[in-house]
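Okay, structure first, notes after.
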Amino acid sequence: MLDRKFIIENIQAVKQNCQNRNVNIEIDRLVELEQRRKKLLQEIEVLNRKANETAKSIGKAEASQRQAIIEEGRKLRQQKEASQKEHDRIEAETLEIQRVIPNMAHKAAPIGVDDKANLEIARGSTERTTFDFPVLDHVELGEKHDLIDFAGGARVAGHGFYFLKGAGALLDMALQHFAIQFLSEKGFIPTLTPDLARTEIMNGIGFMPRGPETQIYSIHETDLNLVATSEITLGGLHQGDVLAAEELPLYYCGLSHCYRTEAGAAGKASRGLYRVHQFTKIEMFAYTLPEQSDKTLEYLRSLECEIFDQLKIPYRVVDTATGDLGGPAYRKYDLEAWMPGRGEEGEFGEVTSTSNCTDYQARRLNIRYKNKGEKGTHFVHTLNGTAIATSRAMIAVLENYQQADGSILVPDVLQPWIGQKKIG
RNA sequence: GGAGAGGUGGCUGAGUGGCCGAAAGCACCGGUUUGCUAAAUCGGCGAAGGUGUCAUAACCUUCCGCAGGUUCGAAUCCUGUCCUCUCCGCCA
């Protein structure tokens, strides 16, 4: 959520930003409403003050006078209520508009209406593998070595679910271990988070569980929803808190299962593990001071690169275009790993995503910080980034590490967790 | 899941309709005094948002888990909700 004052003072910039992000929002309406609201608020405060004074005087007044003063107080309250009601109505409408305005985008973010405008800015240190044999995709590899059982998953929970078996299960957990150890050595706090969260928290992070076209599974007759990422729980962790400036930046590394309905994704249906309803993800989440967040985004990206460099998986880094940014993001980088079995002759596929959400989420969740000895508080900045989403990372590992004899080598850094050098 | 108790300022804790933004103690800050790893004594001391000022000052609003309601007036009464504790049940 953008600051209202900021919107009013930067109408043109906000409008331009909406256009760049390919969303249509009635900024003018918001401005007009806010002006009316402010005027009403002043009226209300005057009436309220008078009513308070009147109420206070009753206790001290003589019995004979009381009835008249009570009458006076009642009248003032009624007047106030009328104005208040109008104010609240305007406030609600304003907030509705304000909440859907996306975050401002970073000046350097490529401008464009969709992902076609995304800009490749770097490559990983691992060269793209060349194969002198017909490559299999991860579905075929999984079947060959009995690693992934999609039919079983469908039988139990429907399309989009799967069982990981044998070395497939071990590989998934090895990826988790690897990412958690990597990050905890960097000072991130390893965290196991709830897999469910209240609607209020989901909204604060920028997911709309009960809205149309939601990606979120909700639990019937409760206020709980299955999380789509531990970004939700790690961001919700400090809802309403006032953090001390000196404890920032605060780095968490969260492990959760992630559940996504993928509603409306039918057209983009992908084979195998690429787009599934449940996967496991190690997520980085940072709370920072405003002046730290630009640098922190680069830091999170560098960690993602390091992880995939250590896994020796070829990838490219993409600077996300304005139209492809999620609402809360100010700037976003994706890592796209080379997936040799994807498409006709291999394609890059998104494996991580890191965003600087500046104070957009913090404002919704009311997460602030305080400088020691200073009065007042400020909103923190929040950032998130994928360390490893196991399903997609697994695609990259299986497909890049396949050998001519049909076996699959295990990346060096994962071997300690799996206890074998190759699969099959 | 059932029954009960409770959520008050940095902490402990009093407060059942107006004199309560809230006693008292601890902690903290400042003064005095005696002196030496502290005691006595006096004074000060909640937060957020806003108006205002060069800056102070001053002022306003809101806040006793959270959200509503009753009332001229709510920490106090009512409803809902979240959380904590105790007992019972169930259980990895």
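Each chain gets a letter, A, B and so on, in the order the sequences are listed, and its residues count up from 1.
Base pairing analysis places U51(B) opposite A58(B); the two distances defining the Watson-Crick or G-U wobble pair are each below 3.5 Å.
Look at CD on Glu53(A): it is 17 Å from C1' on C19(B), rounded to the nearest Å. Rounding to whole angstrom units, CG of residue Asp241(A) and P of A48(B) are separated by 15 Å. Here the P atom of nucleotide C60(B) and the CD1 atom of Ile44(A) are 18 Å apart, to the nearest Å.
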Under 3.5 Å, side-chain donor or acceptor atoms of residues 279-287 of chain A against the rest of the protein: list the pairs with distances, not counting sequence neighbours.
unit_1: Lys281(A); atom_1: NZ; unit_2: Thr229(A); atom_2: OG1; d: 2.7
unit_1: Lys281(A); atom_1: NZ; unit_2: Glu283(A); atom_2: OE1; d: 2.6
unit_1: Tyr287(A); atom_1: OH; unit_2: Leu234(A); atom_2: O; d: 2.3
unit_1: Tyr287(A); atom_1: OH; unit_2: Gly235(A); atom_2: O; d: 3.2

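Nucleotides U16(B) and C78(B) are separated by 14 Å at their C1' atoms, to the nearest Å. If you take atom C1' in G31(B) and the same atom in C83(B), they sit 44 Å apart, rounded to whole Å. Here, G25(B) and G9(B) have their C1' atoms 14 Å apart, quoted to the whole Å. Comparing the P positions of G43(B) and U37(B) gives an interatomic distance of 28 Å, to the nearest angstrom. Separation of the C1' atoms belonging to G21(B) and G46(B) is 8 Å when rounded to the nearest angstrom.
Electrostatic pairing of Glu86(A) and Arg89(A) counts as a salt bridge here, judged by a charged N lying under 4.0 Å from a carboxylate O. With respect to Glu336(A) and Arg392(A), no salt bridge is recorded, no charged nitrogen being found less than 4.0 Å from a carboxylate O.
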Using a 4.0 Å cut-off on protein heavy atoms (strictly under), produce a 5'-to-3' string for nucleotides 61-76 of chain B with B for base contact, S for backbone-only sugar-phosphate contact, and - for none.
-> SS---------BS---

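Residue His378(A) is the one, among His378(A) and Arg198(A), whose nearest nucleotide of RNA chain B lies closer to the 5' end (criterion: closest heavy atom).
In the set G18(B), A47(B), G49(B), the nucleotide with an atom closest to the side chain of Arg66(A) is G18(B).
A distance below 6.0 Å separates the ring centres of Tyr252(A) and His238(A).
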